[in-house]
Structures are given as C-alpha cells and as structure tokens.
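Here is the structure we will look at, set down as structure tokens.
What you are looking at is a predicted structure, and each value in this text was computed from that prediction instead of being measured. Note that the numbering runs from 1 along the sequence shown for the chain.
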Amino acid sequence: MGLIGMSCKKYSIILITCFCRICVLGQTDDRDRLLEDYDRQFHLLDSLMQVPFDPHASEALFGTDDFSVGQLSVFHVAQGTRQDGTVGAERNAALEDLMNRKTEAEIASVKGGTGLQFSGTYAYRSSADGTSGLDEEGNFSRFNHRFQSEISWNILHSSLVQAKQKVAACRIGLEQARVEHKSDRLSEYIDWLTARNEQTYRRAVECIYALRLKHLYLLEQTEQVLLEHQPAGSDRLLEIMNEIFVLEQKLSSSPSSVASVDGLAYNRMDTVRIQTDQLLEAVNAGNYGLVKLDLDHRLLGIKVKQASFLTSLDVSPFLKYSAYQVTGGRNKYTIDVGLTLRVPLSFEVSRTRKMLKLEQKICEMNRVLSYQSLENEILQDVRNLSGCNGRLCQEYGRLLRIRRLLETRSDAYSRMEGIYSRPARIKEYTLYLACLEEILRLKYEQNTALIHLQGYLPDVAIGSLLEYLPVS
C-alpha cells in the first residue's frame, strides 16, 4: 500500500508540473503575440507622427476656393460650388427672367391706363295705352327708341397722374420677389454648408476614434490575458469594455470600414479674427431680413402718397351723343359736352392715410429692433470665435508638449531591452489623440460659427472679413 501511494503521489506531481509548463508556455505565447501587436502599433504611431495631419483631403471636399485654417478648411461660402450648381444657376436665371417679364408687363399695363371710358345705352319705351314715353332728359315729345353713347376721361385715374407711383410699386414688388427667392436659396445653401461641415468633421474624428479603439482593443486583450493566467481583478477590464462600447456607438460604421489617417503631426495652428465693424456694416446694408423691411417701408410710403384726397376725386370730362326716334315728328339728335365731378363725403381716405403712416412707423421700429437682435447674435458669435481661439491656442500648446514628450520617450523606449509597460505607453499616445480630437471639435465649432455668420451676409463672403493669425 505504501508503495502504491508513493507512486500515485509521484505521478500527480509529474502531471501538475506538466500542466504548469503548458500554462506558462500558453501564457508566454499570448504575451509574445500581444507584445508584437503593441510594437507594431507603436511603430505605426511613430511613423504617423512624422506626417502632417490631413483629415481625408478636406481641401478637395471644400473646393479650391476655401480658406485654410490650420489643417481644417474654413470655406469661402459665397463662392462655394455644388454638384448641381450649373443646373441651379440656369433655373435661377430662368426664374429671374420670368419675374422681370412679369414686372414689365405690369408696368406696361399701368402706363397703358388712359382713363378713357366708353358707354352706350339703347332704350325702347311704350305706355299701356300704346303711346310712346316721354324723354326724361331732353323733354322731347314722345319717342319709341332712344340710343345714347358717351366717352369720358377720368383724368385723375389715368397714367398721367398715377403712373409714376404705380410703376414704383411694381418695381418694389419685383425686388421683394427677388429677395424672397434669394432668401430661400441662401437658407438652402447654409443648410448645405452645415451638412458639409458636419460630414468633414465626422470623417476626421472617426479616424481618431478608430485609432483609439485599436488602443482599447490592445488594453482589453492585456486585461483578458492577465485575468486568465493571474488572479487579477476585472474592474479595469469592465472600464475598458465600457469605453469601447461608447466609442463604437460614436462611429457611424464599423471600425474596419473607417479610412486610415495619413498623419498625426499637427504642425500649424491659425486663429481667426473677424473685422466686426465691417461685418455689422455689411449686415446692416444687405441682410435679407432688413432689406425686406426696407422694401416694405418704401412700399408703404408709396401707398401713403396714393392715399390722398386728390386720388379719391373723380373728375371726368365727357362727350355724349343721343339719338331719338320721335312719335309724330322727325328724329332728334343731340351732342352734350360736360364735366362730371364726384367728391366722397367721408373721411375714409384720411383714415387710410393715417393707418398707413402708423404702419410705416411700426416698420421702422421693427427694422431697428431686428438690427439690434442681429447685432447681439453676431457679437455673440464673435465672442464664441474668440473663445474658440483661446481654447485652440491652449489645446495646441498642450498637443505640442505631449508630442515632444512622446518623441523623447520613444527614443528612450527604443534603447530599452523591451522590459517596460506597453499599456502605459499606449495611454500616452491615446492622450495625444484625445487632444487632437478636441482640436477637431473646436475647429468644427469655429466653422459652425462662421457658417452662422455667413447666413447674415447674402452678398459678402465671410472669408473676405476674416484675418488669419498663426499661433507661434
């Protein structure tokens, strides 16, 4: 029995020893593969740090007319082009031609208003006893038939008096239609610029997300290896898995489908300074909302002039010809020349004129308040741009410091024998990527503010009011 027990014990020791060797070999293989993955990633990151950061040819996306700020573009929105730009230009030209033709037709109609009127009447009269009726106007003897024709000229309602104001109203109507159309096109263009800005930002930041996910995957593998072969806690693994989940949610597609970034060296930073006084002057002169109010004010001024006592009068010289078939005598013919005067016995015109003047004052007040509101919004955007400039300078300085640290430590790591903490080193690169991601976000906010400002400037490119100052 003693020999059998001793043999079993010796056999168990041999099995345990073999199992431990297998586990150590397995652990060594996992560790070696993981170290190789880390080293390949470090080599890739070090090579990317030597190449300027370019978020997937943003210049080609924005076009050659764009102004470059740092590594992202601030686009020259007034000269921006779209794929359907030619078709849109042709349609706009066709619409402009139609509006011009319509206005010219209205003006021709106004100028063709002579104020001349023609009227004619025919009457047949008979009485119950078979005798013809009496002429009520000429007091002629009894007649069977009467024919009258009259031509009159309403002088005050002819083109000689009313044409100037009516033509001016037609031209203001044309300007209002143009402004309304341009305002709609500007809104569409701002929406398009906003979408393009978001698309470019999304493409750039997803490249950073993909690199950060690669780092998190490596850290996750490290924690899993430790968890399998050593009694390590899983708190850090759960944190890493949660970070991976959050980043994967931010990606619009799978990490493997995201295009790789060409470089990570952010070598230049520009801040944006806007010429506020010129911007406010341009907004005051050309903003579509203010232009609409100016046109409304001018149109009300024309209506005030038209609502006068003179235009409410009806002064009409006339020429009337009458012919009668008289019973028991020869036919009678008369020609009357005279003047018809009609005067309204009410204060309607005065009340209308007073109402229009009040509308003019309301329009003036709305114009002042609208400009004040626009001025406040513009100054807030300018303050936001200034804040972005300050944060960009700080973040850029932080980025440069981290980059110098990474370059120094990379040289130090290359001289080591390979015994150092890879997870700690990958976190250093992740910190650099987080800093670069923050710069992209601030650039996106900067572009958003500039697009918002462009919405106030229909005929002026916001780029012409910007000054770019490089950060040393």
ask   = Can you check side-chain hydrogen bond (donor to acceptor under 3.5 Å, both in side chains) on Asp296 and Gln176, steps first, answer last?
value = CA-CA 8 Å; Asp296 290 342; Gln176 288 177 325; 2.8 Å; yes
task = Check the pair Ile107, Thr103 against side-chain contact (heavy atoms from CB on, under 4.5 Å), reporting the backbone distance first and the verdict last.
result = CA-CA 6 Å; Ile107 292 175; Thr103 303; 4.0 Å; yes
inquiry  = With heavy-atom distances below 4.5 Å as the criterion, would you say the side chains of Leu264 and Leu433 are in contact?
reply    = yes
ask   = Between Lys166 and Glu106, does a salt bridge (charged side-chain N to carboxylate O under 4.0 Å, His left out) hold up when you go through it step by step?
value = CA-CA 9 Å; Lys166 289 184 178 180; Glu106 291 177 350; over 6 Å; no
Close side-chain approach of Ile378 to His452, heavy-atom, < 4.5 Å = no
request  = Could you give me the CA-CA distance, side-chain angles and deciding distance for Glu248 and Tyr209, then say whether side-chain hydrogen bond (donor to acceptor under 3.5 Å, both in side chains) is met?
outcome  = CA-CA 8 Å; Glu248 287 178 341; Tyr209 289 161; over 6 Å; no
query = Parallel under 30°, tilted from 30 to 60°, perpendicular over 60°: which one fits the rings of Tyr333 and Tyr321?
reply = parallel
query = Do Gln454 side-chain atoms and Val460 backbone N/O form a donor-acceptor pair below 3.5 Å?
reply = yes
request  = Please report the shortest heavy-atom distance between Leu319 and Val337, naming the atom on each side.
outcome  = CD1-CG2, 3.4 Å
note = What one should report as the nearest heavy-atom pair of Ser152 and Phe318 is CB-CB, 3.9 Å
request  = Report, as yes or no, whether the 6.0 Å neighbourhood of atom CE on Met355 holds more than 12 heavy atoms from other residues, nucleotides or ligands.
outcome  = yes
request  = Evaluate whether atom CZ of Arg273 has more than 12 neighbouring non-hydrogen atoms of other residues, nucleotides or ligands under 6.0 angstrom away.
outcome  = no
ask   = Is there a donor-acceptor contact under 3.5 Å from the side chain of Asn287 to the main chain of Tyr456?
value = yes
query = Is Arg403 reaching over with its side chain to a backbone N or O of Met49, donor-acceptor style, under 3.5 angstrom?
reply = yes
key: From CA spacing to verdict: side-chain contact (heavy atoms from CB on, under 4.5 Å), Tyr201, Leu440   = CA-CA 7 Å; Tyr201 168 70; Leu440 292 176; 4.1 Å; yes
task = Flag the pair Leu218 / Gln41 as yes when at least one side-chain heavy-atom distance between them is below 4.5 Å, and no otherwise.
result = yes
Greater than 12 external heavy atoms within 6.0 Å of Glu348's CD = no
inquiry  = Closer than 4.0 angstrom, basic N to acidic O: yes or no for Glu445 and Arg391?
reply    = yes
key: Pair Gln380-Arg383, side-chain donor/acceptor within less than 3.5 Å   = yes
query = Do any N or O atoms from the side chain of Thr430 and from the backbone of Ile426 form a donor-acceptor pair under 3.5 angstrom?
reply = yes
query = How far apart are the closest heavy atoms of Cys207 and Arg203, and which atoms are they?
reply = SG-O, 3.3 Å
ask   = What are the two closest heavy atoms between Leu466 and Ile462, and how far apart are they?
value = CG-O, 3.2 Å
query = What do the steps show when you test Glu437 against Arg441 for salt bridge (charged side-chain N to carboxylate O under 4.0 Å, His left out), and what is the final call?
reply = CA-CA 6 Å; Glu437 180 184 338; Arg441 187 189 66 81; over 6 Å; no
query = Do any N or O atoms from the side chain of Asn376 and from the backbone of Gln372 form a donor-acceptor pair under 3.5 angstrom?
reply = yes
request  = Examine distances only and state if a side-chain atom of Asp97 and a backbone atom of Ala93 form a donor-acceptor pair shorter than 3.5 Å.
outcome  = no
note = dist Leu290:CG -> His297:NE2 (nearest 0.5 Å) comes out at 13.5 Å
key: Minimal non-hydrogen separation, Val272 against Asn389, with atom names   = O-ND2, 2.6 Å
inquiry  = Could you check whether Asn100 and Arg178, counting side-chain N and O atoms only, form a donor-acceptor pair closer than 3.5 Å?
reply    = yes
Any side-chain heavy-atom pair of Tyr324 and Asn331 under 4.5 Å = no
inquiry  = Using side-chain heavy atoms (C-beta onward) and a distance below 4.5 Å, is Thr194 in contact with Thr448?
reply    = no
Side chains of Leu45 and His215 in contact at under 4.5 Å (non-hydrogen atoms) = yes
ask   = Just by modelled atom types, is the Val382 backbone N or O under 3.5 Å from a matching donor or acceptor in the Ser386 side chain?
value = no
query = Within a reach of under 6.0 Å around NE2 of His181, are more than 12 heavy atoms found that belong to other residues, nucleotides or ligands?
reply = yes
query = Where do Asn242 and Glu239 land on the side-chain contact (heavy atoms from CB on, under 4.5 Å) test, with the steps shown first?
reply = CA-CA 5 Å; Asn242 184 62; Glu239 293 177 2; 5.8 Å; no
request  = Go through the steps for Asp314 and Asn154 under the test side-chain contact (heavy atoms from CB on, under 4.5 Å), then give the verdict.
outcome  = CA-CA 7 Å; Asp314 186 358; Asn154 194 336; 3.2 Å; yes
query = Have Glu375 and Asn284 got a donor and an acceptor in their side chains that come within less than 3.5 Å?
reply = no
ask   = Do Glu395 and Arg398 meet the salt-bridge criterion of a basic N to acidic O distance under 4.0 Å?
value = yes
key: Heavy-atom side-chain proximity of Tyr266 to Leu436 below 4.5 angstrom   = yes
key: Working for side-chain hydrogen bond (donor to acceptor under 3.5 Å, both in side chains), residues Asp184 and Tyr189   = CA-CA 9 Å; Asp184 293 339; Tyr189 187 56; over 6 Å; no
message = If you define the side chain from C-beta out and look only at heavy atoms, does anything of Tyr468 sit under 4.5 Å from Thr271?
response = no
message = Counting only heavy atoms not in Tyr122 (residues, nucleotides, ligands), do more than 12 fall under 6.0 Å from its OH?
response = yes
remark   = When rounded to the nearest 0.5 Å, the distance separating CG of Leu453 from CD of Glu377 is 10.0 Å
query = Under the 3.5 angstrom rule, does the side chain of Ser373 hit a backbone N or O of Leu369 as a donor-acceptor pair?
reply = no
query = Taking atom CD1 of Ile208 and atom CG of Leu213, what is their separation to the nearest 0.5 Å?
reply = 11.5 Å
ask   = Can any side-chain N or O of Ser183 pair as donor or acceptor with the backbone N or O of Tyr288 at less than 3.5 Å?
value = no
ask   = Do Glu364 side-chain atoms and Arg367 backbone N/O form a donor-acceptor pair below 3.5 Å?
value = no
query = Where is the tightest heavy-atom contact between Ala307 and Val349, given as atom of each residue plus distance?
reply = O-CG1, 3.6 Å
message = Once rounded to the nearest 0.5 Å, what's the spacing between atom NZ of Lys303 and atom CZ of Arg353?
response = 14.5 Å
task = To the nearest 0.5 Å, tell me how far Ile244 CD1 sits from Gln249 CD.
result = 13.0 Å
task = With rounding to the nearest 0.5 Å, note down the distance linking CD in Glu180 to CG in Leu295.
result = 11.0 Å
